[in-house]
Trainee: 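If you scroll down you'll find the structure; I have some questions about it.
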Amino acid sequence: MNITMIGTGYVGLVTGTCFAEFGHHVTCVDKIEEKIKKLDSGQIPIYEPGLKRLVAKNVDEDRLRFTTDLAAAVPGADAVFIAVGTPASRRGDGYADLTYIYEAAGELAPYLDGYTVIVDKSTVPVGTARQVKRIIREKNPEADFDVASNPEFLREGAAINDFMRPDRVVIGVESKRAEKVLRDIYKPLYLIETPIVCTTIETAELTKYAANAFLAIKISFINEIANVCEAVGADVTALAKAVGMDGRIGPKFLHPGPGYGGSCFPKDTLALMRIVQEYGENVRLVEAAVEVNAAQKARMVKKIRDMLGGSEAGKTISFLGLTFKPETDDMRESPSISIIPALMEKGAKIRAHDPKGMEEAKKYLPDGITYASNAYDACTGAHAVVLMTEWNQYRALDLEKIKNLLKEPIFIDLRNVYDPQTMKELGFKYAGVGRK
Ligand code: UDX
């Protein structure tokens with residue numbers, strides 16, 4: 001089939017490339033000429049494991065191409081996916097900014113040629129697809145098209161696997177014709193018996209928010225329970241294991257930490273709160289999850305301060321990991337963005353290392369941080385080390401070496417990677433999250 005993907009950001013690029021890998025012919029369009037030039041020369045603007053190889057393979061096999069020319073990319077497409085950004089609105093009120101979506105709809109409309117399904121891939125508030133339909137109809141009254149919603153559930157760092165082996169595919173449509181086009185696009189997944197949930201457009205749009213909000217609630221729940229564990233002297237790791245063994249709860253997303261970050265949970269929880277307000281409804285659990293997440297980040301600052309004897313002034317703190325999760329260079333809403341400046345304001349000096357995120361980190365963190373070449377370099381001469389992001393590189397550190405490099409053997413493990421008893425035996429003053 002012929003697919004046009006508008007937007008070569010994280011979602012558009014991964015989705016377009018994976019559709020090409022399915023065997024479809026995909027044209028990825030972006031307005032930013034520089035980006036298209038880079039992609040044409042084999043450079044990938046983001047770090048996502050496996051993506052570079054998959055792009056190269058599909059370009060070589062003539063199923064994937066990049067262009068800035070919408071007029072050439074839209075005619076003849078069976079489906080045009082809109083995967084442009086929906087950042088939080090600049091007004092700071094939590095609403096998603098839909099300018100780019102509506103712009104894309106208006107710009108593609110004149111080039112529609114033959115029956116085409118216009119699919120919202122970006123995470124958008126309920127009602128957006130109907131607006132897209134209205135805009136296209138206005139610009140091109142003769143066009144033969146349907147709109148649809150097909151939310152993505154990709155995790156950064158695991159996006160290709162998530163795309164190739166999804167738990168489910170959700171398609172929101174209002175005609176059998178559009179349903180058939182989308183089912184045909186996802187046909188390669190029938191082999192692995194991926195369930196396809198076919199529903200209304202509004203349901204599909206809301207499903208994405210509900211899924212992300214539930215996961216955010218699950219993380220905030222375990223973070224609160226971790227704090228209770230610290231108070232009563234219990235161990236959250238064993239607790240989460242036991243709780244997660246209940247098939248109704250499940251073991252995933254029960255890892256306590258410094259709070260969730262990334263491009264989705266913080267933005268989508270706020271957007272959902274705003275959407276429901278407009279309908280006079282409430283999502284109190286979601287509001288609580290957002291509050292708990294902010295409090296968790298602040299609690300980590302206090303934890304580090306307490307471990308340093310009550311003040312970070314004049315102390316050097318080593319940070320291992322800066323990104324919001326491993327296997328990505330994405331710094332958006334990373335807990336490190338609030339934790340590190342809070343410590344610096346009170347006079348702490350920071351030495352930091354991240355395997356992939358240091359260039360991005362420089363855009364988000366204050367000046368004055370020393371960026372280290374590896375974990376050991378980051379620990380050299382520091383009064384404490386904070387394991388911030390659970391990259392594999394930090395899971396089997398030479399702990400004796402770390403202890404010798406540190407001025408004081410203080411290890412604050414915000415991801416519970418290491419065993420408290422072992423750390424104690426090695427001579428560290430150790431703190432995890434939710435463990436004695
Ligand atoms: C998320 C959703 O998982 C995905 O389906 C959606 O399409 C986009 O948003 P992503 O933001 O890439 O994906 O990362 P995810 O793996 O979900 O982690 C989000 C945040 O939660 C990270 O900061 C992570 O460290 C944190 N987290 C996750 C926890 O603190 N504990 C957990 O148990 C799981």
Side-chain angles (χ1 to χ4, degrees), residues 1-12 15-16 19 26-32 67-91 93-152 170-182 185 199-209 267-268 271-272 274-275 278-279:
M1 301 187 78
N2 292 323
I3 296 173
T4 297
M5 182 66 59
I6 303 182
T8 59
Y10 191 84
V11 171
T15 306
F19 279 152
V26 180
T27 305
C28 291
V29 190
D30 204 294
K31 278 185 170 171
I32 306 173
T67 179
T68 52
D69 187 2
L70 203 57
V74 171
D78 297 293
V80 178
F81 283 76
I82 302 180
V84 296
T86 53
S89 142
R90 284 196 191 160
R91 296 186 303 270
D93 51 11
Y95 283 97
D97 179 354
L98 300 175
T99 318
Y100 303 115
I101 299 263
Y102 296 148
E103 256 175 34
E107 285 166 9
L108 72 86
Y111 307 118
L112 290 172
D113 157 35
Y115 178 70
T116 316
V117 185
I118 315 300
V119 192
D120 272 341
K121 192 73 182 159
S122 311
T123 302
V124 289
V126 179
T128 304
R130 303 239 173 253
Q131 287 295 337
V132 166
K133 185 175 175 178
R134 192 186 49 75
I135 292 168
I136 297 176
R137 180 60 68 224
E138 254 174 41
K139 298 254 171 193
N140 185 349
E142 305 302 317
D144 184 14
F145 74 101
D146 272 312
V147 290
S149 164
N150 174 220
E152 53 85 20
V170 177
I171 55 180
V173 285
E174 52 183 4
S175 80
K176 283 278 165 209
R177 211 172 165 200
E179 179 182 342
K180 183 168 181 332
V181 169
L182 279 157
I185 287 174
T199 178
T200 63
I201 291 176
E202 284 74 13
T203 310
E205 287 173 335
L206 193 57
T207 299
K208 169 65 192 271
Y209 285 105
K267 175 166 74 77
D268 293 351
L272 179 59
R274 295 294 165 259
I275 294 166
E278 285 181 12
Y279 290 85

Trainee: Identify the heavy atoms of Val147 and Phe145 that sit nearest to each other, and give their distance.
Mentor: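 Heavy-atom minimum between the residues: CG1-CE1, 4.0 Å.
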
Trainee: Apply salt bridge (charged side-chain N to carboxylate O under 4.0 Å, His left out) to Arg274 and list each qualifying residue two or more places apart in sequence or on a separate chain.
Mentor: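 Counting only residues at least two positions away or on another chain, Arg274 forms no salt bridge (charged side-chain N to carboxylate O under 4.0 Å, His left out).
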
Trainee: Closest heavy-atom contact between Tyr100 and Gly85?
Mentor: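 What the structure gives for the nearest pair is CD1-O, 3.5 Å.
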
Trainee: Which is it for Asp113 and Val74 under the side-chain contact (heavy atoms from CB on, under 4.5 Å) test, yes or no, and what are the steps along the way?
Mentor: CA-CA 8 Å; Asp113 157 35; Val74 171; over 6 Å; no

Trainee: For a side-chain contact (heavy atoms from CB on, under 4.5 Å) check, start with the C-alpha distance between Asp30 and Val84, then their side-chain angles and the critical distance, and finish with the verdict.
Mentor: CA-CA 9 Å; Asp30 204 294; Val84 296; over 6 Å; no

Trainee: Does any N or O in the side chain of Lys267 come within less than 3.5 Å of the main-chain N or O of Thr86, such that one atom is a donor and the other an acceptor?
Mentor: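 Yes; judged by distance alone, with no hydrogens or angles, the pair exists.
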
Trainee: Is it the case that the side chain of Thr4 and the backbone of Ala73 share a donor-acceptor pair, with hydrogens and angles ignored and the cut-off at 3.5 Å?
Mentor: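 Yes, the answer is positive, given that a donor and an acceptor are paired below the 3.5 Å cut-off.
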
Trainee: Go through it in stages, so that I can follow the logic: the residues are Ile82 and Leu108, the test is side-chain contact (heavy atoms from CB on, under 4.5 Å), and I'd like the CA-CA distance, side-chain angles, deciding distance and then a yes or no.
Mentor: CA-CA 10 Å; Ile82 302 180; Leu108 72 86; 4.2 Å; yes

Trainee: Has Glu152 got a side-chain atom pairing as donor or acceptor with Thr15's backbone, closer than 3.5 angstrom?
Mentor: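 Judged by distance alone, no pair lies under 3.5 Å.
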
Trainee: Where is the tightest heavy-atom contact between Ile171 and Ala204, given as atom of each residue plus distance?
Mentor: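 So the two residues come closest at C-CB, 4.3 Å.
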
Trainee: Heavy-atom count check: over 12 atoms from other residues, nucleotides or ligands less than 6.0 Å from Tyr102 OH?
Mentor: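 Counting other residues, nucleotides and ligands, OH of Tyr102 exceeds 12 neighbours.
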
Trainee: Nearest 0.5 angstrom please: Leu206 CG to Leu272 CG, how far?
Mentor: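 Those atoms lie 6.5 Å apart.
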
Trainee: Working to the nearest 0.5 Å, report the span between CD1 of Ile135 and CD of Glu107.
Mentor: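 Separation between the atoms: 11.0 Å.
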
Trainee: Salt-bridged, Arg130 to Glu174, with N to O below 4.0 Å?
Mentor: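 Salt bridge present between Arg130 and Glu174.
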
Trainee: Measuring from Thr8:OG1 to Lys31:NZ, what's the distance to the nearest 0.5 Å?
Mentor: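 Reported to 0.5 Å precision, the distance equals 12.5 Å.
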
Trainee: If you measure from CD1 on Ile6 to CG on Leu70, what distance do you get to the nearest 0.5 Å?
Mentor: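 The CG atom of Leu70 is 5.0 Å from CD1 of Ile6, to the nearest 0.5 Å.
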
Trainee: Out of curiosity, Thr128 OG1 to Lys133 NZ, how far, rounded to the nearest 0.5 Å?
Mentor: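 Taking OG1 in Thr128 and NZ in Lys133, the distance rounds to 14.5 Å.
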
Trainee: Is the closest side-chain heavy-atom distance between Leu98 and Pro125 below 4.5 Å?
Mentor: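 Yes, close enough: below the 4.5 Å cut-off.
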
Trainee: Can a donor-acceptor pair be found, under 3.5 Å and without considering hydrogens, that links the side chain of Thr67 to the backbone of Asp69?
Mentor: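 Yes, Thr67 side chain to Asp69 backbone: donor-acceptor pair under 3.5 Å.
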
Trainee: Determine the minimum heavy-atom distance between Ile201 and Gly172, stating which atoms define it.
Mentor: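 Taking every non-hydrogen atom into account, CG1-O, 3.5 Å.
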
Trainee: What is the minimum heavy-atom distance between Ser175 and Ala178, and which atoms define it?
Mentor: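 The answer is OG-N, 3.0 Å.
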
Trainee: Can you name the closest pair of heavy atoms from Val124 and Tyr209 and give their distance?
Mentor: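 Closest pair (atom of Val124, atom of Tyr209, distance): O-CE1, 3.2 Å.
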
Trainee: Measure the spacing between CD1 of Ile118 and CD1 of Ile136 and express it to the nearest 0.5 Å.
Mentor: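 That separation rounds to 4.5 Å.
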
Trainee: Could you tell me whether a side-chain N or O of Asp78 sits under 3.5 Å from a main-chain N or O of Met1, the two making a donor and an acceptor?
Mentor: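 Pair absent, no side-chain N/O of Asp78 close to backbone of Met1.
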
Trainee: Check the side chains of Asp146 and Tyr115 for a donor-acceptor pair under 3.5 angstrom, ignoring hydrogens and angles.
Mentor: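 Yes, because at least one side-chain N or O of Tyr115 sits under 3.5 Å from a partner of the opposite role on Asp146.
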
Trainee: Do Arg177 and Asp144 sit within salt-bridge range, that is, some charged N less than 4.0 Å from a carboxylate O?
Mentor: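 Answer for the salt bridge query: yes.
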
Trainee: With sequence neighbours left out, write down each residue that passes side-chain hydrogen bond (donor to acceptor under 3.5 Å, both in side chains) with Asn150, or none if nothing qualifies.
Mentor: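 In terms of side-chain hydrogen bond (donor to acceptor under 3.5 Å, both in side chains), with neighbours along the sequence ignored, Asn150 is linked to Lys121, Tyr186.
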
